[in-house]
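When a ligand or atom number is given, it counts from 1 through the structure's own listing order. Residue numbers run from 1 in the order of the sequence given.
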Amino acid sequence: MPELVFFCGTMDCGKSTLALQIEHNRSARGLQGMIFTRDDRAGEGKLSSRLGLVTDAVEVEDGQDLYAYLVDHLSQGGRADYVIADEAQFLAPEQIDQLARVVDDLSIDVYAFGITTDFRSKLFPGSQRLVELADRVEVLQVEALCWCGARATHNARTTGGEMVVEGAQVVVGDVNQADAVGYEVLCRRHHRRRMTAASARAAALSPDVLPVQPV
Ligand SMILES: Nc1ncnc2c1ncn2[C@@H]1O[C@H](COP(=O)(O)OP(=O)(O)O)[C@@H](O)[C@H]1O
Ligand SMILES: Cc1cn([C@H]2C[C@H](O)[C@@H](COP(=O)(O)O)O2)c(=O)[nH]c1=O
């Protein structure tokens, strides 16, 4: 039975790498995939992993009908044995419904990859729809770690290393961007306390928390 599978996790946990591996393994066996993405850091029409691998992809536009796109592609003699959708959190809920229709009406497997929650720990609308519709939700096994060593479960947005809680839901960016707007993965405890690696380091160095010297 074809499936809609949602592979999810925090930023930097290997989602795009897995997407590229699925693509590689299937194309190595002569299958042909349709790869969708949206707002990948590597630029328009790219699906990229931090391990350095990258492949071309169809850049999804606002309001684009993904089911109609597939039907069009097939009716023009194109092939699509499976579909990969990376950065699926950026897709609109209707586009997730269209992907579910691709599975049900065209009998094509759809593998979607994305983060579930934003920097305020709120579900992205596309991810919410995926959780609602997917046949399977798979949380990636490779754990990203918080600076404290615990499993990272949340995505923080940072400016100059400090966590921010105001701003647009979508701001394309990367982890390890100390000077600019960036992201850092944290455990829930440190996300709730807004404690990034930089602020933890600053707190440890603050005279307020130094052990009191005997006089
Ligand atoms: N230099 C490196 N050596 C080994 N693994 C790395 C290196 N750089 C990144 N990675 C791995 O790649 C993962 C990020 O992969 P990526 O597919 O880009 O993540 P995602 O799509 O989930 O944001 C990291 O969690 C780490 O496991
Ligand atoms: C938390 C959060 C993230 N984003 C953006 C930042 C990146 O461009 C992508 C996630 O990509 P990755 O391959 O999973 O690292 O999402 C955002 O726009 N808003 C957020 O709140």
Side-chain angles (χ1 to χ4, degrees), residues 5-25 33 35-57 59-62 84-93 95-96 111-131 137-159 161-188 190-192 194-197:
V5 188
F6 181 30
F7 293 97
C8 60
T10 60
M11 287 180 68
D12 200 25
C13 71
K15 302 178 300 298
S16 300
T17 305
L18 179 61
L20 286 159
Q21 287 174 316
I22 289 178
E23 158 63 12
H24 174 81
N25 290 353
I35 307 179
F36 292 120
T37 190
R38 189 173 168 140
D39 291 336
D40 188 288
R41 282 178 305 276
E44 200 164 302
K46 298 287 174 201
L47 188 172
S48 72
S49 134
R50 291 181 183 80
L51 284 176
L53 298 168
V54 61
T55 192
D56 289 332
E59 182 77 17
V60 176
E61 308 291 341
D62 279 344
I84 287 173
D86 199 25
E87 306 292 353
Q89 72 275 3
F90 294 149
L91 300 183
Q95 290 172 324
I96 305 300
Y111 307 109
F113 300 82
I115 52 177
T116 44
T117 55
D118 67 10
F119 69 113
R120 279 189 279 235
S121 64
K122 300 287 182 203
L123 287 166
F124 282 92
S127 305
Q128 179 183 339
R129 198 66 189 133
L130 273 163
V131 170
V137 176
E138 300 275 350
V139 180
L140 259 74
Q141 291 303 303
V142 179
E143 300 176 355
L145 298 180
C146 180
W147 58 266
C148 69
R151 181 181 185 138
T153 46
H154 288 68
N155 304 298
R157 183 177 291 160
T158 58
T159 307
E162 299 294 322
M163 182 166 154
V164 294
V165 291
E166 299 292 330
Q169 185 176 50
V170 176
V171 177
V172 174
D174 205 351
V175 292
N176 301 320
Q177 305 285 306
D179 299 333
V181 173
Y183 290 93
E184 181 174 335
V185 294
L186 297 174
C187 65
R188 187 189 59 234
H190 289 126
H191 195 274
R192 285 183 49 244
R194 301 185 189 175
M195 199 177 271
T196 59

- prompt: Do Leu91 and Phe36 have side-chain heavy atoms sitting under 4.5 Å apart?
  reply: no
message: Looking only at side-chain N and O atoms, does Gln21 offer a donor or acceptor that is under 3.5 Å from a partner on Glu23?
response: no
query: What residue and heavy atom of the protein are closest to atom 25 (O) of ligand 1, and at what distance?
result: Asp12 O, 2.5 Å
field: CG-CZ distance between Leu186 and Arg151, expressed to the nearest 0.5 angstrom
entry: 14.5 Å
message: Rounded at 0.5 Å granularity, tell me how far CZ in Arg194 sits from OG1 in Thr158.
response: 14.0 Å
- prompt: Could a heavy atom of Ala144 be found less than 4.0 Å from some atom of ligand 1?
  reply: no
More than 12 heavy atoms from other groups under 6.0 Å of CZ on Arg41: yes
task: Enumerate the atoms of ligand 1 whose separation from the nearest heavy atom of Arg50 is less than 4.0 angstrom.
output: 16 (P), 18 (O), 19 (O), 20 (P), 23 (O)
message: Residues around ligand 2, heavy atom under 4.0 Å from any ligand atom, sorted by chain and number. Can you pull those?
response: Met11, Asp12, Lys15, Arg41, Arg50, Glu87, Gln89, Phe90, Ile115, Asp118, Phe119, Phe124, Asn155, Arg157, Gln169, Val170, Val171, Val172, Gly173, Tyr183
field: Those atoms of ligand 1 less than 4.0 Å from some heavy atom in Ser49
entry: 17 (O), 18 (O)
task: Examine distances only and state if a side-chain atom of Glu87 and a backbone atom of Asp40 form a donor-acceptor pair shorter than 3.5 Å.
output: no
query: Judging by distance only, is a nitrogen or oxygen of Met11 under 3.5 angstrom from one on ligand 1?
result: no
- request: Answer yes or no: is there a donor N or O on one side and an acceptor on the other, between the side chain of Asn155 and the main chain of Met11, under 3.5 Å?
  value: yes
- line: In ligand 1, the atoms that come under 4.0 Å of a heavy atom of Thr17 are 15 (O), 16 (P), 17 (O)
Location of contacts on Leu51 toward ligand 1, heavy atoms closer than 4.0 Å: side chain
query: Is the shortest distance from a heavy atom of Gly9 to ligand 1 less than 4.0 Å?
result: no
task: Could you find the nearest protein heavy atom to atom 27 (O) of ligand 1 and give me its residue, atom name and distance?
output: Val142 CG1, 4.3 Å
